[in-house]
Amino acid sequence: MTTPSYVARRGELEAYFDRTAVEAWKRLTSDAPVNRIRATVRAGRDSMRNRLLSWLPQDLRGMRLLDAGCGTGALAIEAARRGADVVAVDISPTLIGLAQERAPRDLGEGRVTFMVGDLLDPAFGHFDHVVAMDSLIHYDGADIARTLAALAPRVGGSLVFTIAPRTPALTVMHAMGQFFPRGNRSPAIAPIALGTLENRMKGHVTLEDWRIMQTEKVVSGFYISQAVEARRP
């Protein structure tokens, strides 16, 4: 179930990624030269993508995977190369269009279906695994827990996602970001402590059997994010 805060934040994210920062994200997610700050973000995102993928089975043949907030599709493509049937969803039509342009034709036994939409849409069906890389970091803890609770009944394996950890370094970097030109700023993130998220998750019936099994921070200059894997023991 979506909330007014979730809907409002989703609208802000759509406006940013679909209009305000399209060119910046095209460059960031390509091999094009970028400034020093964005280079650290690119390196951090590459490291995080590799970490999340390492928590999935190496052989994904016969499995369905939801890439929730797929952006330009890099993670979805790698999962498909392992044989997964990937539903890659993003709220930005522009980013989905770019992902479709960049997608290789030959993915072996896997495939990717890129779609514009809300990651919570039940019409996408059931999945073996759900991955949400840096797509929940802009939502508060309550909405993150609600999102996981809504997805959980449709997931047979794991929920793999990232949060913005509540650290002094991230707080300082977030404050410094307010001095950048408005057009270069991403929507505000919502740092949360892992323990706080766990307590939020305990408040949802559909997450009663779920546990956080592993977690790891990735820090690269201006990129700080925390990988989390949740599953039923």
Decide yes or no for [X] and [Y]: does some side-chain heavy atom of the first lie under 4.5 Å from some side-chain heavy atom of the second?
X: I189; Y: P191; value: yes
X: K26; Y: T72; value: no
X: V130; Y: V160; value: no
X: F114; Y: V89; value: no
X: V87; Y: M115; value: yes
X: M201; Y: I212; value: yes
X: D128; Y: L65; value: no
X: F161; Y: M133; value: no

Looking only at atom types and distance, does a side-chain atom of [X] sit under 3.5 Å from a main-chain N or O of [Y], one as donor and one as acceptor?
X: R82; Y: P57; value: yes
X: D121; Y: F124; value: no
X: S158; Y: H129; value: no
X: T40; Y: F222; value: yes
X: R200; Y: D143; value: no
X: T162; Y: D134; value: yes
X: R27; Y: P33; value: yes
X: R232; Y: D209; value: no
X: R81; Y: L107; value: no
X: S220; Y: V41; value: no

D59 atom CG: more than 12 heavy-atom contacts under 6.0 Å: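 Check passes, neighbour count above 12.
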Residue R102 excluded, over 12 heavy atoms near CZ under 6.0 Å: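 Yes, enclosed.
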Any chance you could measure [X], atom [atom1], to [Y], atom [atom2], to the nearest 0.5 Å?
X: I91; Y: E12; atom1: CD1; atom2: CD; answer: 10.0 Å
X: E109; Y: L60; atom1: CD; atom2: CG; answer: 11.5 Å
X: D118; Y: T2; atom1: CG; atom2: OG1; answer: 7.0 Å
X: I192; Y: Q226; atom1: CD1; atom2: CD; answer: 10.0 Å
X: W55; Y: N50; atom1: CH2; atom2: CG; answer: 12.5 Å
X: L75; Y: C70; atom1: CG; atom2: SG; answer: 9.5 Å

Closest non-hydrogen atom pair, [X] against [Y]:
X: L197; Y: G141; value: CD1-O, 4.4 Å
X: A227; Y: T215; value: O-OG1, 2.8 Å
X: A230; Y: W210; value: O-CZ3, 3.3 Å
X: V218; Y: S47; value: CG1-CB, 3.9 Å
X: D90; Y: G69; value: OD2-C, 3.4 Å
X: A32; Y: S30; value: N-OG, 3.1 Å

Intermediate values then yes/no, side chain to side chain contact (heavy atoms under 4.5 Å, CB included), I163 and L194: CA-CA 8 Å; I163 60 174; L194 186 62; 4.3 Å; yes
Aromatic plane relationship, F17 with W25 - under 30° parallel, 30 to 60° tilted, over 60° perpendicular: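 Ring orientation of W25 relative to F17: perpendicular.
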Residue pair Y223 / D46, side-chain donor-acceptor N/O under 3.5 Å: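 There is no such pair (donor and acceptor under 3.5 Å, judged by atom type) between the side chains of Y223 and D46.
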S92-T94 side chain donor-acceptor pair, cut-off 3.5 Å: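 No, no side-chain donor-acceptor pair sits under 3.5 Å.
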Using 4.0 Å as the upper bound for N to carboxylate O, is an ion pair formed by [Y] and [X]?
X: R111; Y: D85; result: yes
X: R231; Y: E229; result: yes
X: E216; Y: R51; result: yes

Hey, any chance [X] and [Y] share a hydrophobic cluster, counting ILVMFWY side chains that come within less than 4.5 Å of each other, even indirectly?
X: I77; Y: L98; value: no
X: L13; Y: V116; value: yes
X: V34; Y: L95; value: no

Salt bridge (charged side-chain N to carboxylate O under 4.0 Å, His left out) involving R64 - partner list, sequence neighbours excluded: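 Once residues adjacent in sequence are excluded, R64 has no partner under the salt bridge (charged side-chain N to carboxylate O under 4.0 Å, His left out) criterion.
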Worked check of side chain to side chain contact (heavy atoms under 4.5 Å, CB included) between F127 and L151: CA-CA 9 Å; F127 298 92; L151 289 169; over 6 Å; no
Stepwise side chain to side chain contact (heavy atoms under 4.5 Å, CB included) test for R166 and T196: CA-CA 10 Å; R166 188 175 292 281; T196 301; over 6 Å; no
